[in-house]
Amino acid sequence: MKINICHLYPDLLDLYGDRGNILALAARCRWRGLEAAVERTSLGDALDFRSMDILFIGGGSDREQGLLVEDLMKRREELKAAIADGLVVLAICGGYQLLGEYYQTSNGEKIPGLGILDVWTVAGDKRLIGNVAVELKPRNPVNVSDLQTLQTLVGFENHSGKTYLGKDVLPLGRILAGHGNNGEDGTEGVRWHNIFGTYLHGPLLPKNPHLADLLLELACERRGYFLPLPGLDDQLEILAHRTILERLVGTK
Ligand code: GLN
C-alpha cells in the first residue's frame, strides 16, 4: 500500500520546520512497512488532487502568500472536489489562512482565500508568538492504543493574523497556553471534513504523533485500507510532548 503525500509550495511556504511534518508522515509510514510517495509541487506545476492521499500546506510570510494566491485560485475547484471526497489536508498558519475567505494584511490589503473553510483572518497590531498547548476536542479520536492518552497538541506559533471561525466550522481544540486562532476566544485551529487547519508550527507532527496517525488513518480509511494502524514505539515522541506540555501548563 502506498500513501501519496503532496507538499504544496515547499519553496514558498516552509516556516519553522514545516517540512518536518512531511518527514514525520513518511517515517511513520516506513516504520509500518507502508510506502510513502512525497511530491513537491509549486507554482505552475501539474497537480492531480484525485491521486493524492494527504495534502500539506505550510506557513509563509504575507509576501509569499500574496505571490502564490493566483496559482492556488486556479486549483480551487479541483481541490474543493477532492476535499468533498475526503482528501486529508494539513494546513499550517499561512496555509490555513489561505483556505479561508480572506486574509487582510496590516496595510489593509485583502489577500483572497480559497473560501473552502468558513474562516477569515485579519492582521492584528501585535504578533502572536510563542509556545502553544491545546486541548483537543474529543471528536478527534485516535485509534492507536499507545497514543490514546494524548489529548493535547503542542507547538509553536508566530503570526499576526487573527483568524475567526464562522458557524460552519469547529475549532480543533481549546487553548491551554499561547494564543491560537486569534488570542481572544480561546480556540485553536479548525477541523472540517478531513481538513486540519492550525497555527502550530514546530514542526507539529514529530511531537504530536497521535495527530500524524490520525491523518494517516483517515487517508487509509478513505481508500478502504485496513484499520487501525499498527502501533509504534513512541516513547521518545510522547516524552517530548509531555515535557513541553508540563513546562507550559504544569502536570496533566
Ligand atoms: N503571514 C501570516 C501571519 O503573520 C502567516 C505567518 C505564518 O505562516 N507563520 O499571520
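Whatever order the structure lists ligands and atoms in, that order sets their numbers, starting from 1. As the structure is a computational prediction, the values presented were derived from the model and not from experiment. Computation of the quantities below employed the complete heavy-atom set of this structure, encompassing side-chain atoms and omitting hydrogens, waters and symmetry-equivalent molecules.
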Go through the side-chain N and O atoms of [X] and [Y] and say whether any donor and acceptor fall under 3.5 Å apart.
| X | Y | result |
| --- | --- | --- |
| Asp185 | Tyr164 | no |
| Thr41 | His7 | no |
| Asp11 | Ser42 | yes |
| Arg127 | Asn158 | yes |

Is it true that His210 and His241 have ring centroids separated by less than 6.0 Å?
yes

Report yes if the distance between the aromatic ring centroids of Phe156 and His201 is under 6.0 Å, otherwise no.
no

Is the shortest distance from a Lys or Arg side-chain nitrogen in Arg40 or Asp45 to a carboxylate oxygen in the other one below 4.0 Å?
no

Salt-bridge test for Lys162 and Glu184: reply yes if a basic N is under 4.0 Å from a carboxylate O, no otherwise.
yes

As an exercise, identify every atom of ligand 1 less than 4.0 angstrom from a heavy atom of [X].
| X | result |
| --- | --- |
| Arg127 | 4 (O) |
| Gly161 | 3 (C), 10 (O) |
| Gly59 | 8 (O) |
| Asn158 | 6 (C), 7 (C), 9 (N) |

Hey, does [X] sit under 4.0 Å from ligand 1 if you only count heavy atoms?
| X | value |
| --- | --- |
| Tyr103 | yes |
| Glu157 | no |
| Glu64 | no |

Give me the nearest non-hydrogen protein atom to [atom] as residue plus atom name, then the distance to 0.1 Å.
| atom | value |
| --- | --- |
| atom 1 (N) of ligand 1 | Asp62 OD1, 2.5 Å |
| atom 5 (C) of ligand 1 | Gly60 O, 3.3 Å |
| atom 7 (C) of ligand 1 | Cys93 SG, 2.7 Å |

Within the structure, does [X] bring an N/O atom to less than 3.5 angstrom of an N/O atom in ligand 1?
| X | value |
| --- | --- |
| Leu15 | no |
| Tyr16 | no |
| Gly94 | yes |
| Ser61 | no |

Once rounded to the nearest 0.5 Å, what's the spacing between atom CD of Gln97 and atom OG1 of Thr163?
5.0 Å

